[in-house]
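Reviewing the structure listed below.
Every chain is numbered from 1 and lettered A, B, ... according to where its sequence line falls, protein lines coming before strand lines.
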2 protein chains.
Amino acid sequence: MNVRDNLRRELKGSGHNMTTSRVLVCQKLADTGPVTMRELVESLGKEVDRATVYRIISLFEELGIVRRIPIGWKHKLELSDKFIHHHHHAHCLTCRNIITLPEDSQLELAVERTASSHHFKVTDHHIELHGYCSECQKKLS
Amino acid sequence: MNVRDNLRRELKGSGHNMTTSRVLVCQKLADTGPVTMRELVESLGKEVDRATVYRIISLFEELGIVRRIPIGWKHKLELSDKFIHHHHHAHCLTCRNIITLPEDSQLELAVERTASSHHFKVTDHHIELHGYCSECQKKLS
DNA sequence: CTACGTGCAAAGAGTTTGCAACCGA
DNA sequence: TCGGTTGCAAACTCTTTGCACGTAG
């Protein structure tokens, strides 16, 4: 299912309209991967007003369409597991790139086990690694 | 080793002074656990100026004395592993409490393994769980 | 047509900075 | 004493809000 149809389903399903602005924001997220709010607003230029972008992102968050991923002090936005496959991120301290770590059943299982040993029922989780990517390790050595 | 001595060591070791304000901020963090910047500034009232708190937290971050933990959109601040034992957090969606999950070697190992399978060298990591704590599960059922 | 959504502009938070005064070693 | 630190106030950036107009269904 493509991004547009997926978005339509999510919006309709919760009683919201499919608008030009919402499609534009969603499409931008699908095209560019993790972005900051600033980058998103700027990249949409005058196609979508700043306030509208904030309102759309706020709605998308409520509906679970986007998630915020913490990057040090800041956040970036990306489409949720409903649009792209579950994964985590590794941030390289040198080149600042974000490496995507595909789902790893061992890791997911370990999270599940830790939670249940504390009688905690997990609905969602974030894992964020900091360190050095393979490229930067080579350069540094 | 107590918090004050630990702080002195960290500051001296990096060529910074041990000042009243820095001790106050550090002590507050040690006493209260995870706090937002707003809470920290307010709780220090007029003992320490807002701008100074920001400068101190910024310094503490550089020195690895404090870490920021993501809580949904926001961040909270807490002393790093140098001051308190390594752990992760689970956030209850209902009662908003933060449950501390003590270090779990299985989980730590899984993180290490995922990283190394992508040739990523981890220096630090955050794991954040969202869901329902045992108390709230009882109430909801 | 009607309710929901958007653009604009202005207000409100949160964070940073310049500079003179202050304090710790 | 002297350089590192702090308080104050102002500047800046980020985010939210009110209201009139626009648009999807």
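For the 3.5 Å distance criterion, the side chains of A/His89 and A/Glu78 qualify, holding a donor opposite an acceptor. Counting only N and O atoms by type, the side chains of A/Glu108 and A/His86 include a donor and acceptor under 3.5 Å apart.
Regarding A/His16, its NE2 atom lies at a distance of 15 Å from the C1' atom of D/dG25, rounded to whole Å. One interatomic measurement links the two molecules: CD1 of A/Ile56 to P of C/dC4, which rounds to 17 Å at whole-angstrom precision. One atom, CD1 of B/Ile57, and another, C1' of D/dT5, lie 16 Å apart when rounded to the nearest Å. The separation between A/Met37 atom CE and D/dT15 atom C1' is 8 Å, rounded to whole Å. For A/His75 and C/dT15, the NE2 to P distance is 11 Å, given to the nearest whole Å. Distance CZ (B/Arg8) to C1' (C/dA25): 11 Å, rounded to an integer number of Å. Computed from coordinates, the B/Arg4 CZ to C/dG24 P distance equals 11 Å when rounded to whole Å. Regarding B/Glu39, its CD atom lies at a distance of 17 Å from the C1' atom of C/dT15, rounded to whole Å.
A donor-acceptor contact under 3.5 Å is not formed by the side chain of B/Arg55 with the base of D/dG4. No N or O donor and acceptor, one from the side chain of B/Arg22 and one from the base of C/dG24, sit under 3.5 Å apart.
In this structure, A/His87 has its ring center no closer than 6.0 Å to that of A/His85. Residues A/His88 and B/His125 place their aromatic rings such that the two centres sit no closer than 6.0 Å. Between B/His126 and A/His130, the gap from one ring centroid to the other is short of 6.0 Å.
Among C/dG7, D/dT15, D/dC8, the nucleotide with an atom closest to any side-chain atom of B/Asp49 is D/dC8. Of the candidate nucleotides C/dA9, D/dT6, D/dT5, C/dA9 has the atom lying nearest to any side-chain atom of A/Ala51.
Under 4.0 angstrom from either OP1 or OP2 of D/dG25 there lies at least one side-chain N or O belonging to A/Lys12. In this model, the phosphate group of D/dG4 is not approached by any side-chain N or O of B/Thr19 to a distance below 4.0 Å at OP1 or OP2. Between A/Arg38 and the phosphate of D/dC14, there is a side-chain N or O to OP1/OP2 separation shorter than 4.0 Å.
Among the atoms of the strands shown, none is found under 4.0 Å from any heavy atom of B/Lys46.
If A/Tyr54 and A/Thr20 are placed on DNA chain D by their nearest nucleotide, the residue sitting closer to the 5' end is A/Tyr54. A residue-by-residue look at B/Arg50 and B/Asn17 shows that B/Arg50 has its nearest nucleotide of DNA chain C further toward the 5' end.
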